[in-house]
Visitor: 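Take a look at this one; I'll ask things after.
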Amino acid sequence: MNKLMLSVMLAAITSAAAGCATESDDPAEATESSAVTVGAWNYVQVSVLALRSCDSPSSCLIGGMSCGLPVFVNSMDWNTRMAQISSPSGWALADGGAGPNLSVTPPHC
């Protein structure tokens with residue numbers, strides 16, 4: 001009887017460990033969603049959004065974009081939450097602490 005219980009417990013622990021090992025680390029599959037849409041025109045949702053020349057939310061500042069400015073989002077780095085945009089060309093933080101910085105929905109500036 002003890003061997004049977006030990007076998008059942010080992011099977012349960014092994015199954016739990018295998019289930020945890022199959023979880024994805026892909027940020028695109030995370031539960032947190034973003035309002036930005038890749039391959040579409042998005043609008044700046046905040047009063048001033050930093051335009052950067054590199055994929056870093058804290059460096060390479062080249063200017064600012066005002067609320068309501070339409071920008072085309074070419075791609076998204078889900079690890080840094082930075083959107084690669086054109087017109088103007090550069091990078092911008094897609095999501096901020098207070099909500100989306102970029103969205104396909106026109107803002108109420």
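No hydrogens, no waters, no symmetry mates; every other heavy atom, side chains included, goes into these values.
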Visitor: Under a 3.5 Å threshold, yes or no: a donor from one side chain and an acceptor from the other, between S103 and N42?
Guide: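 The criterion, which ignores hydrogens and geometry beyond distance, is not satisfied for N42 and S103.
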Visitor: Do Q84 and N74 meet the criterion of a side-chain donor-acceptor pair at a distance under 3.5 Å?
Guide: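 Yes, N74 and Q84 have a side-chain donor paired with an acceptor closer than 3.5 Å.
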Visitor: Taking atom types as modelled, is there a side-chain donor on S59 or S56 under 3.5 Å from an acceptor on the other?
Guide: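 Note: S59 and S56 side chains meet the donor-acceptor criterion.
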Visitor: When Ile, Leu, Val, Met, Phe, Trp and Tyr are grouped by side-chain heavy atoms lying under 4.5 Å apart, directly or through other members, which residues fall in the same group as L93?
Guide: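 M82, W91, which link up through side-chain heavy atoms under 4.5 Å apart, make up the rest of the cluster.
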Visitor: Applying the 4.5 Å side-chain criterion to the ILVMFWY set and letting contacts propagate, would V38 and L49 be lumped into a single cluster?
Guide: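 Cluster IDs for V38 and L49 match.
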Visitor: Do you reckon V46 sits in the same ILVMFWY cluster as V104, going by side-chain contacts under 4.5 Å, direct or chained?
Guide: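 Different hydrophobic clusters.
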Visitor: Testing the basics here: between V44 and S66, what is the closest heavy-atom pair and its distance to 0.1 Å?
Guide: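 V44 and S66 have their closest heavy atoms at CB-O, 3.5 Å.
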Visitor: Members other than W41 in its cluster, when Ile, Leu, Val, Met, Phe, Trp, Tyr link by side-chain heavy atoms under 4.5 Å?
Guide: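 Direct or chained contacts put W41 with F72.
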Visitor: Membership question, hydrophobic clusters at under 4.5 Å side-chain separation (ILVMFWY): are Y43 and M76 in the same one?
Guide: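 No, separate clusters.
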Visitor: Check for me, please, whether V71 and I62 land in the same ILVMFWY cluster - side-chain distances under 4.5 Å, paths through other members count.
Guide: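 As far as the 4.5 Å side-chain criterion goes, I62 and V71 are connected within one cluster.
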Visitor: Any idea which heavy atoms bring Q45 and P107 closest together, and the distance?
Guide: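 In terms of heavy atoms, the two residues are closest at OE1-CB, 3.5 Å.
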Visitor: Donor-acceptor pair, R52 side chain versus P57 backbone, under 3.5 Å?
Guide: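 At least one qualifying donor-acceptor pair exists.
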Visitor: Hey, could you give me the OG/CG distance between S89 and L51, rounded to the nearest 0.5 Å?
Guide: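 Reported to 0.5 Å precision, the distance equals 8.0 Å.
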Visitor: Less than 4.5 Å apart, side chain to side chain, heavy atoms only: is that true for L69 and P88?
Guide: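 They are in side-chain contact.
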Visitor: Run R81 and N101 through side-chain contact (heavy atoms from CB on, under 4.5 Å) and show every step you take.
Guide: CA-CA 10 Å; R81 310 296 290 175; N101 293 339; over 6 Å; no
Visitor: To check you understand the geometry: which heavy-atom pair defines the closest contact between P100 and D95, and what is its length?
Guide: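 Taking every non-hydrogen atom into account, CA-OD1, 3.9 Å.
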